[in-house]
Amino acid sequence: MCRHLAYLGPPRSLHSLVYGPPHSLERQSYAPRMNIGNILNADGFGAGWYVGDKAVRYRRSQPMWTDTSFAELSEILQGSCVLAAVRSATVGFPVDESGAQPFRCESWLFSHNGKVEGFGAVEAKLRELAGDLSLVPEARAPLDSALLFARAVRAWRGGLSLAEGLAETVRTVAAIAPGRYNLLAADGSSLAATTWGDSLFVRSAENAVVIASEPYDESPAWQRVPDRSVVAADRHGVVIHPLL
């Protein structure tokens with residue numbers, strides 16, 4: 001459906017993360033190795049990183065490989081916590097910048113790789129679970145991922161950790177609708193992810209961690225995350241737990 005990655009560690013250029021590797025996120029936008037059900041992730045892309053405590057982003061509705069300006073800018077933009085994604089839009093959802101991820105609210109960045117099956121039948125329930133969307137402006141985007149984001153923000157504001165909030169969101173939504181729920185989030189000092197129906201890998205070394213839909217190089221350091229797991233990562237290490 002989509003591809004995404006997150007990085008936490010010493011400052012790196014965005015180019016070194018999303019363009020530089022031999023099987024980079026940019027390459028995955030047109031030649032993914034493990035994407036389920038489609039070849040192209042051409043319906044938008046985005047990258048988020050932190051300047052001090054502020055989460056900033058660059059998003060577009062065009063294919064990543066067509067934006068030569070961002071490719072150039074990414075060489076001078078640096079981040080110690082980065083989340084980036086390329087999108088393959090689910091049929092029925094619009095292709096515009098509001099659907100390009102990561103979504104942002106306060107210091108949280110969020111991406112969803114997957115879909116809610118039978119969305120129309122459960123949309124009203126998902127809106128109920130999401131709570132007041134005026135408190136999460138980007139959750140008003142017309143797609144399923146936006147409501148998952150709102151539910152996660154509601155959990156985080158309720159006191160759950162980054163990983164706990166994603167896990168609670170997946171368990172709650174999966175109980176009412178089948179789907180693929182690979183979620184990824186960052187808050188500037190930690191990362192979290194779930195795998196539910198699609199691939200996910202972790203690479204940890206040299207005081208840095210990368211979480212990605214698929215490896216961006218051939219390093220043996222990549223560890224495949226078991227399906228239906230939640231990943232929590234910070235500068236102290238990586239922990240993986242079953243979601244069930």
Taking the side chain as every heavy atom from C-beta outward, state whether [X] and [Y] have any atom pair closer than 4.5 Å.
X: Pro32; Y: Asn41; answer: yes
X: Met64; Y: Val18; answer: yes
X: Leu135; Y: Asp132; answer: yes
X: Arg235; Y: Ser80; answer: yes
X: Leu166; Y: Tyr181; answer: no
X: Thr90; Y: Leu143; answer: no
X: Ser88; Y: Leu40; answer: no
X: Glu75; Y: Ser13; answer: no

Got a second to check how far [X]'s [atom1] is from [Y]'s [atom2], nearest 0.5 Å?
X: Ser16; Y: Leu14; atom1: OG; atom2: CG; answer: 7.5 Å
X: Arg228; Y: Arg171; atom1: CZ; atom2: CZ; answer: 12.0 Å
X: Glu123; Y: Glu128; atom1: CD; atom2: CD; answer: 13.0 Å
X: Ser145; Y: Phe103; atom1: OG; atom2: CZ; answer: 5.5 Å
X: Leu148; Y: Thr194; atom1: CG; atom2: OG1; answer: 9.5 Å
X: Glu26; Y: Asp67; atom1: CD; atom2: CG; answer: 10.5 Å

With Glu214, the side chain to side chain donor-acceptor pair (under 3.5 Å) member among His23, Arg224, Arg33: His23
Derivation and outcome, side-chain contact (heavy atoms from CB on, under 4.5 Å), residues Arg157 and Cys105: CA-CA 11 Å; Arg157 284 176 170 160; Cys105 182; 3.4 Å; yes
Under 3.5 Å donor-acceptor, Thr169 side chain and Gly165 backbone: yes
Main-chain N/O of Ala100 paired to Arg87 side chain as donor or acceptor, under 3.5 Å: no
Asp53 CG: over 12 foreign heavy atoms closer than 6.0 Å: no
Cation over ring face, Arg60 and Tyr58, 6.0 Å, 45°: yes
Stepwise side-chain contact (heavy atoms from CB on, under 4.5 Å) test for Tyr19 and Phe70: CA-CA 10 Å; Tyr19 289 99; Phe70 181 65; 3.3 Å; yes
Parallel, tilted or perpendicular: ring planes of Phe119 versus Phe93, cut at 30 and 60 degrees: perpendicular
Arg154/Glu168 ion pair, N-O < 4.0 Å: no
Would you say the side chains of [X] and [Y] form a donor-acceptor pair under 3.5 Å?
X: His15; Y: Ser74; answer: no
X: Ser98; Y: Asp96; answer: yes
X: Asn113; Y: Asp198; answer: yes

Common cluster, Val225/Met34, ILVMFWY with side-chain heavy-atom separation under 4.5 Å: no
Same apolar cluster: Val231 and Leu109, side chain cutoff 4.5 Å: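 In one cluster with Val231: Leu109, yes.
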For Ser229 against Leu243, the heavy-atom pair lying closest together: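 The answer is O-CD1, 3.5 Å.
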Derivation of the side-chain contact (heavy atoms from CB on, under 4.5 Å) call for Gln101 and His112: CA-CA 8 Å; Gln101 298 179 50; His112 170 215; 3.9 Å; yes
Steps toward side-chain contact (heavy atoms from CB on, under 4.5 Å) verdict (Trp49, Tyr7): CA-CA 9 Å; Trp49 62 101; Tyr7 167 80; over 6 Å; no
Ring centres under 6.0 angstrom apart (Tyr216, Trp222): yes
